[in-house]
Amino acid sequence: MTDLAPGLYLVGTPIGNLEDITLRALRVLRGVDRVLCEDTRETAHLLAHYEIQAPMQSCDEHKEHACAADAVARIQAGERLALVTDAGLPGISDPGPRVAAAVAAAGLLVVPVPGANAALTALVGSGLMAERFLFCGFLPSKGGARRTELERLQAMVVAGAEPLLLVFYEAPHRILEMLEDVAGVWAEGCPVVLARELTKLHEEFLRGGAAEVRAQLAARERVRGEMVVLVEARASAKTGDESIAALVERLMKDEGLSEKDALKRAARERGMGKSEVYREWTRRPGRRACGGTCRPGGSAGGA
Ligand code: SAM
């Protein structure tokens with residue numbers, strides 16, 4: 001007997017560790033009439049582990065269209081359907097949205113059942129400030145298109161004039177090329193965190209500049225496992241290697257900012273306090289001596 005109303009239940013499943021599933025997800029999987037799966041073999045493992053006997057139906061990305069129409073008809077006939085992918089949340093770089101859209105458009109019930117997600121799990125463990133981030137999913141697989149996309153993202157960061165944490169999914173056979181492109185678009189020292197095999201036995205986080213993380217991976221006999229790449233993208237393409245003083249000078253020269261505005265912008269871009277940036281600026285090599293009392297633009301207000 002089930003207490004579930006007829007509808008589509010989008011159920012989050014583990015991204016590695018089978019314990020990462022909610023009590024509610026298990027109850028829903030036990031209560032539905034059928035489970036729509038990205039790959040029935042993967043879902044069969046999960047259901048067997050929890051001794052759940054629900055009929056499974058394949059609904060991979062190539063079948064999503066037909067699957068959507070079928071789901072609408074079944075729910076109209078009173079069925080309860082769960083939709084799961086191989087790992088994580090349906091619809092996040094995975095099948096699901098077309099079926100959900102069709103069910104919602106037919107005025108039927110769509111219920112998200114939250115669970116594990118690789119991007120958020122990587123962010124949480126990264127040690128980076130994750131108050132504001134942009135989920136970018138997979139980059140194009142071809143080199144030219146990938147670089148164009150990274151440059152498009154860089155243009156967005158420049159327009160926003162603030163650092164932006166970019167979150168990518170990447171395949172192990174493309175990761176070295178991807179990190180090379182990140183170093184090319186931003187800087188070799190551009191801060192990167194690579195989260196690999198999250199929630200699994202060999203979970204690891206590699207942290208450092210783009211070139212440094214790439215070198216760590218390249219030194220391995222084989223690069224494998226599932227991975228999320230976090231890139232702290234800054235508005236100035238080369239700021240990762242640039243000193244604060246050089247950044248302020250460049251903002252004044254290239255963008256015509258006043259000294260005061262350049263100091264403010266540098267603080268924002270680097271996520272530093274204004275007084276810290278000001279201190280770095282007054283200590284720059286070759287600066288005329290003024291007893292530490294000089295103020296930007298000669299004003300007493302400081303940066
Ligand atoms: N829907 C999933 C989610 O909510 O995270 C993502 C599915 S997407 C097809 C698969 C990609 O997610 C992998 O190529 C990898 O980039 C990332 N991923 C999935 N599981 C992971 C794990 N355990 N550790 C690191 N990355 C993972």
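In each ligand, atom 1 is the first atom listed, and ligand 1 is the first ligand listed. None of these values were measured; they are calculated from a predicted model.
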Using a 3.5 Å distance criterion without hydrogens, assess whether the side chain of R80 forms a donor-acceptor pair with backbone atoms of D33. no
Using heavy atoms and a strict 4.0 Å limit, residues surrounding ligand 1 turn out to be I15, A87, G88, L89, I92, S93, D94, N117, A118, F138, Y169, E170, A195, E197, L198, K200, E226, M227, V228
Problem set entry | Side-chain ion pair, E197 and R224, N-O less than 4.0 Å | no
Check: residues 96-113 side-chain donor-acceptor pairs under 3.5 Å, at least two apart:
none

_Assess the residue pair D70 and Q57 against the criterion (side-chain hydrogen bond (donor to acceptor under 3.5 Å, both in side chains)); give the C-alpha distance rounded to whole Å, side-chain angles, the decisive distance to 0.1 Å, and a yes or no._
CA-CA 11 Å; D70 182 60; Q57 181 178 316; 3.0 Å; yes
Check this for me, if you would: do R196 and E203 make a salt bridge, where the nitrogen-to-carboxylate-oxygen distance has to be below 4.0 angstrom? no
> Under 3.5 Å, side chain of E170 to main-chain N/O of M227, donor-acceptor pair present?
Replying inline: no
